[in-house]
Structure formats: C-alpha cells, structure tokens
Asker: 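Following this message is one structure expressed as structure tokens.
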Amino acid sequence: MVRNLHHTRDTGYLRWTWRLEADGVPVADGEWDVSVVVPGAQDRADWPDSLAKAVDTAGRGEHWLTVSAELAADEPWADVGHTVTWTQIGPVADSTSQTVQPDASPRRGDGGRLPVPRRDGDTITLGAARFDAITGTLVRLGELPVYGPRADVWRAPIDNDRVSPLGAAWQQAGLDRLRHKVLQVETDDDGITVRTRMSPAGSDLGLLADYHWSAQDGNCLVLTVDTAPLGPWPVPLPRLGVAMTVPGEFDRVTWFGLGPGEAYRDSDSAVRVGRYESTVEAMQTPYVRPQENGNRRHLRWARLTRSRLGGDGTEGTDGSGGTRGTGGTPSRPAGYGTCGIEITGSPWFDLTVKPWSTQTVQSADHTVGPEPDGLVHLDIDLEHRGLGSGSCGPSVQPRHHLAAVAARFTLRIRPVEAEADDGVG
C-alpha cells in the first residue's frame, strides 16, 4: 500500500525501485510501476513479476526487500535520483539464514574430537586462543593480541543523561568505577569457565558475570556470558555487554545489520538492514561534547581488519571513510599472522568501535580533546538503555529502560585469515 502524505503534490514526480538482498548481498533489483497517488490518498501497489520471480529463486539466507522512491528528474532542491522515501520488508517469503544464526553448542570435527583447554604455566590454550590462567582473560586469538571480552555496563554520559537525575544516580551508585574480581577459573573437557564479580569499591552493589568458553571446529570460539545482579539495584543499567580491545591498526569494520549510521533502541528510524563497511574513524558521531555515540544496532556479524582491498587492488571509500561492503581480501598486517577478528551474534548484538576508551570520552570536554591511544576499543552489547530527549523534552520511555536482571548472551569469535572474503566465512 502506498500512501501519499503530501498536502498538494501527487506522486508522479517519483521513480520507484526495488532491491532484494540475501544476507546483505544484492540478489536482484528493478523498477516498480506504481500508479500515481493524489495528495492525502493511498493505493495498492502489486509486486512486479520480476520481483516475485527473484524472491522465488533467491536461495537461502536472510532476505530483505528495500523499496525506494527517487526523484525522476532534477528539482530545484535536489538532483535526479535523490531518495525521497524508502521502506524495508523482511525477512521476505521463506527466508532462512545459514550464516548469521550460530550454533552456540560446540560442533565435533573429524573423529568427534573437540579442542580442549591445555594449561601451560600461566597460560591456558583453547584452540587458536590463549588465556591468562590467573584472570581467565583472552589475551591472544591466533596471532592477534587482544584484551577481553570483559563484562561492562557503563557508557560515557550523553547530554540527556547529564541533565537527568538518573545520570547523577548512576555515578553515585559507582557504575563508572566498577572493579572486576576473579572468583574462579575452571577448565574441563567442555572448555573454560571464568566466574567474576563486578562492584564499585566500598559498595554492596554488585553484578556476577560468568564467562563460558568453548571451541568449535577450526579456530572458532564460542563465548556465553551469564550476568546476574546481587540483590535489587536502585537504578537501571546504561548498557549491558562486554568490552575488549585489539591493536589500533585494525581500523576497518565490515558488518551485516542496521546501518550505515548510528542507532539505538529508541532512535533507529534512519537505518536499514544491509551489509556495510567503514573505517573506525568514520563510525564516530562528532558531538560537540564527547559522549556515547556510534552504536551500530542488531548486527548479525561484524569483522575488523587492517584494510580491505577493492577489486582493482585499491582501497575503496565513499569519501567519508565508509562504503558498502562489496568483497575483497584483507591484507595481512606486518607483525601479525592474523588479519583480523570476526564476531557473530546469536542472533545479533550491538557494536560500538572507538579509537579511545569510554573513560577518555567521558573525561573530554570537546571533540578536539580525545586522542587515539593506539588501540581499537569494542563495546559488544546485548542491549542499551534508550537515549530519550531529556535535554529538551521527555526522558526515556519505560519500554526503553534496561533493568538490572539476570541475562545471557552468546557470541562466536574467530580470527580472520588471509583467504577470508567479505562475509561470514
């Protein structure tokens, strides 16, 4: 159904197009012959035969249909091809996904054998990963040095948080200064279990976080995080997820999920499901006062690499550092045998990628303040509290609060090797 919300103009000045994608990869596209709709009216638009055929033959994957209305000719205010409106429909037909729904249970390879943890002094090895035997922290994936993932609930306050009583309550509760205490590191044939407690110093407020690591075939790790509050919490959470770091040269991100811009649970009308690529720098939203920003929402998977080469051997961008991912091979960075890291959700996760830490953002007064520290900081979240509009209007709606309750989420993490292409391997 097409509804014309214009007051005085019909839809005759628009050209309608459709594009079908499977797992973020274009499958087919074409024009859509839509009858002219007068102002304030609506009319039915039947699917083109070419679209119906494309849906029937698209194969397996998560299918999304994007319908756009573009200018059919130049206007005084925009050039031909300018998108006036768009919508997405999906998953389309009997769409199923092979690549974005990981099996959280380890899969047995040849002979039914799974990688099992091996202790060697102060190191635990599990498949392609190495962990600190004392803290249970992942320190290396393949040949890539990493730190984390480690549970986190804090975000750099946004303007709306600063004018809200909740912002002060968060800091009074100590959410910005949580300490992590390792309670136990266990290994068995199923993997590694790390039990921790998070709490601010001098407070009874606490959060238990258990990390269950196992290995799949090849170099893939499966991480399941269980969190549970200790007693009732006086405040909702700013966010709930894990934080980790990788070397700063891994500065290009490819993902399948909502994009290309930032999105939060109460601010996602301007993004659409697709496959995108960007630099870490281009993923930052330059608010005058540094604050939480740049979240990419509902990612099925994401990949960080040092660089991505286009089909002509050059690095392609759209001028701002971001592009749609269209293929190519990540180059092997000097000093590392691993070309990057890939994270897959179950079914999805939110992702923020920054060249500085949350603490650095929080302490900066202006966009010229934060200085990259040589690392890439990843916030991989189950969920965020909404943004609201507290600096100029109502606060967050109740349905966008994030309560401190028991939660579980699963991620699949693997190193990216030189032969990896664009997409989930």
Asker: Are E342 and R414 within salt-bridge range, i.e. N to O under 4.0 Å?
Answerer: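 So E342 pairs with R414 through a salt bridge.
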Asker: If you define the side chain from C-beta out and look only at heavy atoms, does anything of F409 sit under 4.5 Å from S346?
Answerer: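 No; the side chains remain at least 4.5 Å from each other.
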Asker: Supply the atom-to-atom distance S50 OG to L20 CG, rounded to the nearest 0.5 angstrom.
Answerer: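 Atom-to-atom, S50:OG and L20:CG are 10.5 Å apart.
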Asker: Are V246 and L375 packed together at the side-chain level, in the sense that at least one heavy-atom pair is separated by less than 4.5 angstrom?
Answerer: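 V246 vs L375: side chains apart.
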Asker: State whether K354 and D379 are salt-bridged, where the test is any N-O pair (Lys NZ or Arg NE/NH1/NH2 against Asp/Glu carboxylate O) under 4.0 Å.
Answerer: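 Yes, K354 and D379 are salt-bridged.
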Asker: For W154 and Q362, does a side-chain donor sit closer than 3.5 Å to a side-chain acceptor?
Answerer: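 Indeed, the side chains of W154 and Q362 share at least one donor-acceptor pair under 3.5 Å.
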Asker: Look only at the side chain of S389 and the backbone of P394, and say whether a donor-acceptor pair between them is shorter than 3.5 Å.
Answerer: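 Side chain of S389 to backbone of P394: a pair is present.
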Asker: Out of W255, F256, W301, which one pairs with Y276 under the ring-ring contact (aromatic ring centres under 6.0 Å, His included) rule?
Answerer: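 One option only clears the test, and that one is W255.
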Asker: Does T85 offer a backbone N or O that forms a donor-acceptor pair with the side chain of T83 under 3.5 Å?
Answerer: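 Judged by distance alone, no pair lies under 3.5 Å.
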Asker: Salt bridge check: are R44 and D46 linked by an N-O gap of less than 4.0 Å?
Answerer: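 Looking at R44 and D46, the cut-off is met.
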Asker: Determine, for R252 against E277, whether the closest basic-nitrogen to carboxylate-oxygen distance falls under 4.0 angstrom.
Answerer: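 Here R252 pairs with E277 in a salt bridge, since their nearest N and O are under 4.0 Å apart.
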Asker: CG/L183 to CG/L208 distance, rounded to the nearest 0.5 angstrom?
Answerer: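 If I round to the nearest 0.5 Å, the distance is 7.0 Å.
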Asker: Show me the donor-acceptor pairs, under 3.5 Å and distance only, between side chains in residues 115-132 and residues at least two apart or in other chains.
Answerer:
residue, atom, partner, partner atom, Å
D132, OD1, I134, N, 2.7
D132, OD1, T135, N, 3.0

Asker: Do you see a donor-acceptor pair shorter than 3.5 Å between the side chains of H298 and D350?
Answerer: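 No, no side-chain donor-acceptor pair sits under 3.5 Å.
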Asker: Going by an N to O cut-off under 4.0 Å, is there a salt bridge joining D266 and R399?
Answerer: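 Looking at D266 and R399, the cut-off is not met.
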Asker: Against D161, only a single residue in R155, Q171, Q291 fulfils side chain to side chain donor-acceptor pair (under 3.5 Å); can you say which?
Answerer: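 Of the listed options, the one satisfying the test is R155.
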Asker: Would you say T193 and E186 are linked by a side-chain donor-acceptor pair, where the criterion is simply a distance under 3.5 Å?
Answerer: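 Per modelled atom types, E186 and T193 side chains form no pair under 3.5 Å.
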Asker: Under 3.5 Å, is there a donor-acceptor pair between the side chain of R19 and the main chain of G30?
Answerer: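 Flag not set: sc R19 to bb G30 has no pair under 3.5 Å.
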Asker: With a cut-off of 6.0 Å (strictly less than), are more than 12 heavy atoms of other residues, nucleotides or ligands near CG of D56?
Answerer: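 Yes.
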Asker: Compare all side-chain heavy atoms of R150 with those of Y211 and state whether any distance is below 4.5 angstrom.
Answerer: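 Answer yes - side chains close enough.
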Asker: Hey, could you give me the OG/CG distance between S391 and N160, rounded to the nearest 0.5 Å?
Answerer: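 Rounded to the nearest 0.5 Å, the OG-CG separation comes out at 4.0 Å.
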Asker: Are there more than 12 heavy atoms of other residues, nucleotides or ligands under 6.0 Å from atom CD of Q172?
Answerer: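 Check fails, neighbour count at 12 or below.
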Asker: Quick one: are N295 and H384 in side-chain contact, heavy atoms under 4.5 Å?
Answerer: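 The answer is yes, as the side chains (C-beta and beyond) meet within the 4.5 Å cut-off.
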Asker: Would L144 and F250 satisfy side chain to side chain contact (heavy atoms under 4.5 Å, CB included), going step by step from the backbone distance to the final call?
Answerer: CA-CA 10 Å; L144 177 66; F250 293 87; 3.3 Å; yes
Asker: Out of curiosity, T352 OG1 to N293 CG, how far, rounded to the nearest 0.5 Å?
Answerer: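 So the gap between those two atoms works out to 7.5 Å.
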Asker: With no hydrogens and no angle check, do the side chains of E262 and T285 hold a donor and an acceptor under 3.5 Å apart?
Answerer: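 The criterion, which ignores hydrogens and geometry beyond distance, is satisfied for T285 and E262.
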Asker: Show your working on side chain to side chain contact (heavy atoms under 4.5 Å, CB included) between L299 and W348 and close with a plain yes or no.
Answerer: CA-CA 5 Å; L299 274 59; W348 52 51; 5.6 Å; no
Asker: Strictly by modelled atom types, are R197 and S199 linked by a side-chain donor-acceptor pair under 3.5 Å?
Answerer: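 Yes - a donor-acceptor pair under 3.5 Å links their side chains.
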Asker: I want to check something: taking the side chain as every heavy atom from C-beta on, are V67 and T87 in contact at a cut-off of under 4.5 Å?
Answerer: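 SC-SC contact between V67 and T87 confirmed.
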Asker: Charged N to carboxylate O under 4.0 angstrom, E383 versus R239?
Answerer: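 Salt bridge absent between E383 and R239.
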Asker: Is the closest side-chain heavy-atom distance between V222 and Q216 below 4.5 Å?
Answerer: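 V222 reaches Q216 side chain to side chain.
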Asker: For residues V353 and V376, determine if any side-chain heavy atom of one lies less than 4.5 Å from a side-chain heavy atom of the other.
Answerer: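 V353 vs V376: side chains touch.
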Asker: Determine whether L207 and W233 make a side-chain contact, defined as any pair of heavy atoms from C-beta on separated by less than 4.5 Å.
Answerer: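 Touching, per the 4.5 Å side-chain cut-off.
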